[in-house]
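What follows is one structure encoded as structure tokens, with my remarks underneath.
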Amino acid sequence: ILNVEQSPQSLHVQEGDSTNFTCSFPSSNFYALHWYRWETAKSPEALFVMTLNGDEKKKGRISATLNTKEGYSYLYIKGSQPEDSATYLCAFISNFGNEKLTFGTGTRLTIIP
Amino acid sequence: DAGVIQSPRHEVTEMGQEVTLRCKPISGHDYLFWYRQTMMRGLELLIYFNNNVPIDDSGMPEDRFSAKMPNASFSTLKIQPSEPRDSAVYFCASSLVRKNTEAFFGQGTRLTVV
């Protein structure tokens, strides 16, 4: 069983503030890590796909870093806006030779106007 | 492409009835995944297919659940007989063959078994 953990489970952030949260995954047999954004009543949408240790990806005010040696990834949101309110999921793929995405339980982010 | 299409969006059924959920993946995608979302366990993988062949069904809760992919453009998830604890949102997702590409999700089917 692959253990993918996210923390915190939920987070309330004032509009305009920056925030970050964590995804922990097995450091052995790493292949890729995905981040998804999941708005209420919608389906998850991919933010980033990360494969290399030290990767840093950015999309607008959202960025992510990856440390495969120690098994964690951070997602950062700069200058939070109400539209950033969503659940952020990470998903791990091992290099056992299959495409299985194992998801964490997510961080539910609420931006307070 | 219209994306991953799931039907129905909502299903309410009585305990003991058969339920069939449907999914049309994005054209050209080689992988299809069925996930179930619950409050307790988040998104859990039930089964996935590669080129229409089931690869890993270890997440299927029990024999009441079955999934098929008769061709590259259609998959079904069937629950027979359904039970109230099966109530959840079921998502279908598809992706390209390369492991470093993202999965695209359908809108989900909200199943309520009463």
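We name chains A, B, ... by the order of the sequence lines, and we start the count at 1 in each one.
- B/Met60 and B/Leu32 fall within the same hydrophobic cluster, where Ile, Leu, Val, Met, Phe, Trp and Tyr residues are linked whenever their side-chain heavy atoms come under 4.5 Å apart, directly or through other members.
- Of the two parts of B/Leu45, only the side chain, counted from C-beta on, holds a non-hydrogen atom closer than 4.5 Å to a non-hydrogen atom of chain A.
- Residues B/Phe105 and A/Trp38 fail the side-chain proximity criterion, which asks for heavy atoms closer than 4.5 Å.
- If you measure heavy-atom distances from B/Phe104 to chain A, you find no contacts under 4.5 Å at all.
- The two residues A/His34 and B/Glu102 make their nearest non-hydrogen contact at CE1-CA, 3.7 Å.
- Heavy-atom pairs under 4.5 Å with chain A peak, among B/Ala103, B/Ser58, B/Gly42, at B/Ala103.
- The environment of CZ in B/Arg110 is sparse: at most 12 heavy-atom neighbours from other residues, nucleotides or ligands sit within 6.0 Å.
- The two residues B/Thr101 and A/Val49 make their nearest non-hydrogen contact at C-CG2, 4.2 Å.
- Linking ILVMFWY residues whenever their side-chain heavy atoms come closer than 4.5 Å, directly or via other members, leaves A/Phe92 and B/Leu46 in distinct clusters.
- Open room surrounds CD on B/Glu14; 12 or fewer heavy atoms of other groups in view lie less than 6.0 Å from it.
- Under a hydrophobic clustering in which Ile, Leu, Val, Met, Phe, Trp and Tyr are joined whenever their side-chain heavy atoms come within less than 4.5 Å, directly or via other members, A/Ile111 and A/Ile62 fall into the same cluster.
- Within 6.0 Å of the CD atom in B/Gln80, the count of heavy atoms belonging to other residues, nucleotides or ligands exceeds 12.
- Of the atoms belonging to B/Glu44, not a single heavy atom falls under 4.5 Å from chain A.
- A continuous path of ILVMFWY side-chain contacts below 4.5 Å connects B/Ile79 to B/Ile47, so both sit in one hydrophobic cluster.
- Looking at A/Leu33, there are no atoms closer than 4.5 Å to chain B (heavy atoms on both sides), in backbone or side chain.
- Only the side chain of A/Tyr36 comes within less than 4.5 Å of a heavy atom of chain B; its backbone N, CA, C and O stay farther away.
- Residue B/Arg41 touches chain A through its backbone alone, counting heavy-atom pairs closer than 4.5 Å.
- What you find for A/Ala41 and B/Gln107 is that their closest heavy atoms are O-OE1, 4.3 Å.
- The two residues B/Gly106 and A/Ser43 have their closest heavy-atom pair at O-CB, 2.8 Å.
- Other residues, nucleotides and ligands place more than 12 heavy atoms under 6.0 Å from the CG atom of B/Asn71.
- Within a 6.0 Å sphere centred on CD of B/Glu83, other residues, nucleotides and ligands contribute more than 12 heavy atoms.
- Taken to the nearest 0.5 Å, the OG1 atom of A/Thr105 stands 11.0 Å off from the CE atom of B/Met39.
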